[in-house]
Amino acid sequence: MGHEPPPTWAEQRTQLRDELAAIAAAGHLRRRVTIDSRGGRSVVVQEDGKRRRLVNWASNDYLGLARDLLVRNGASKALRRYGPGATAARLLSGGPRCHRRLEERLATWLGTEECLLTTTGYQANAAALVALASESETALILDRLCHASLYDGAKLSNGQLLRFKHNDLADLAHRLDQSESARRRVVVVESVYSMDGDEAPLAAIHALCRERGALLLVDEAHALGVLGPAGRGLCAELGIVPDLRTATCSKALAAQGGIIAGDRELVELVVNTGRAFIFSTAPVPAASGAAVAALDALRDREGLCGQLREASDEVRTALRKQGWNVPEGRTPIIPVIIGGEAEALALSAKLREAGHWAPAIRPPTVPTGQCRLRITVTAGHTRIDRRRLIAALGALRQA
Ligand SMILES: Cc1ncc(COP(=O)(O)O)c(C=O)c1O
């Protein structure tokens, strides 16, 4: 029997074109949207050749610092002093002093021995999990709703990936039982989940890990600057010290760069084995300059986190009263769960007509049938912004 000839170049290109066409045919096509924005509060979009300003409910600029003059000055000072780019990976050519200064500030702020800055939060998770699971006898046990960067990090590692039901301690205990023969077990959770805004039962998870001798990694991307004493996150609020904490400077700190915090030895292990750190150019200096200035703002403006909490409570309570499917919570991530993709897209379009920018969140970002608007309240929104959003959603609920 003769072998089939390998597909030609043209046939392989056709396969790829068909894959994109299938995404479009299923109604899942996503496009890059260009906006003009100077910070989180509003965006300017082009509509029928005209520019239109919309209130932005889609950014993660929780503290409204993206427009803050001190934060922008922090970025421009670092740009002037250290140049536009880091020019190489840190282990290759060294890194600008502003990166080390930020790491030291973060370590002190978070109360850890050491901290490592990576180029993005995505890379922080990839580097941390690859370092923690260098051997196939490691079980990585992730909450089902963990961010894609944690799943991708687990897939890049040599460990075995197990999932447990979202926030379900009994299922986590079951996975820990199942993986008892592993040489190392690492439980991976977020403190605040990015698309639901709900919190992990972190105290109980931490206690279970201790009891069963498992390591714990907590991603605090959506909790830093939002929860805990002076915005130090949920671990700090609960007095929990996981083995590693990851986070990002790209949300409440209004900058860019991934954070890995923990004991010196573990962080140095990531420096030496976390390929996403080793083989990528360090962040731009301006990002560290901005992040340090954002930490200054958090230190100096005591009421900032409280203001955000009040604003979030106002919107969440009003939408729940209107009858929208909005789970309870205390974070600024307010999911308005709609279900179907078409319905979520239609609601987003109607809000846009009313002057609000809240794109529909669809698979693969959320599971099928759980499409939603993810309303993110920030300290940068005004009371009028919030009242207008509540009124617009109220009118759409009645329609
Ligand atoms: C929970 C979580 N972890 C990590 C990341 C990645 O952070 P970055 O955007 O800085 O790569 C994000 C968001 O993007 C996130 O939501």
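In listed order, ligands and their atoms are each counted from 1.
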>> Quick test: of every protein heavy atom, which one is nearest to atom 5 (C) of ligand 1, and how far off is it to 0.1 Å?
In response: His147 CE1, 3.5 Å
>> Please tell me whether Arg30 and Thr365 have a donor and an acceptor in their side chains that are separated by less than 3.5 angstrom.
In response: yes
> Going through the checks in order, is the side chain to side chain contact (heavy atoms under 4.5 Å, CB included) test met by Tyr82 and Lys77?
Replying inline: CA-CA 8 Å; Tyr82 302 103; Lys77 261 197 224 158; over 6 Å; no
> Quick one: are Asp143 and Tyr193 in side-chain contact, heavy atoms under 4.5 Å?
Replying inline: yes
>> Could you identify the single nearest non-hydrogen protein atom to atom 9 (O) of ligand 1 and state the distance to 0.1 Å?
In response: Ser250 OG, 3.6 Å
>> I'd like to know if Ser149 contacts ligand 1, where contact means a heavy-atom distance under 4.0 Å to any ligand atom.
In response: yes
>> Test your reading of the model: is there a side-chain donor-acceptor pair from Arg316 to the backbone of Thr331, 3.5 Å cut-off?
In response: yes
> Of all the non-hydrogen atoms in the protein, which one sits nearest to atom 7 (O) of ligand 1, and at what distance?
Replying inline: Gly121 CA, 3.4 Å
>> Just to confirm my output: which protein heavy-atom neighbour is closest to atom 6 (C) of ligand 1, and how far is it?
In response: Tyr122 N, 3.4 Å
>> Starting from atom 3 (N) of ligand 1, what is the nearest protein heavy atom, named by residue and atom, and what distance separates them?
In response: Asp219 OD2, 2.7 Å
>> I'd like to know whether Arg163 forms a side chain to side chain contact (heavy atoms under 4.5 Å, CB included) with Arg175, so could you lay out the CA-CA distance, the side-chain angles of the two residues, the decisive distance to 0.1 Å, and finally the verdict.
In response: CA-CA 8 Å; Arg163 295 160 208 252; Arg175 298 293 171 202; 5.7 Å; no
>> Salt bridge or not between Asp296 and Arg105? Use side-chain N to carboxylate O under 4.0 Å.
In response: yes
> Glu190 heavy atoms, cut-off 4.0 Å: which ligand 1 atoms fall inside?
Replying inline: 1 (C)
>> Using a 3.5 Å distance criterion without hydrogens, assess whether the side chain of Arg53 forms a donor-acceptor pair with backbone atoms of Ser42.
In response: no
> What is the nearest protein non-hydrogen atom to atom 16 (O) of ligand 1, stated with its residue, atom name and distance?
Replying inline: His222 NE2, 2.6 Å
> Heavy atoms only: which of Leu145, Leu253, Thr248 is nearest to atom 10 (O) of ligand 1?
Replying inline: Thr248
> Under a 4.5 Å cut-off applied to non-hydrogen side-chain atoms, are Glu220 and Leu227 in contact?
Replying inline: no
> Should you measure from each heavy atom of Asn125, which atoms of ligand 1 turn up under 4.0 Å away?
Replying inline: 3 (N), 4 (C)
> Closest non-hydrogen protein atom to atom 13 (C) of ligand 1, residue and atom name please, with distance?
Replying inline: Lys251 NZ, 2.7 Å
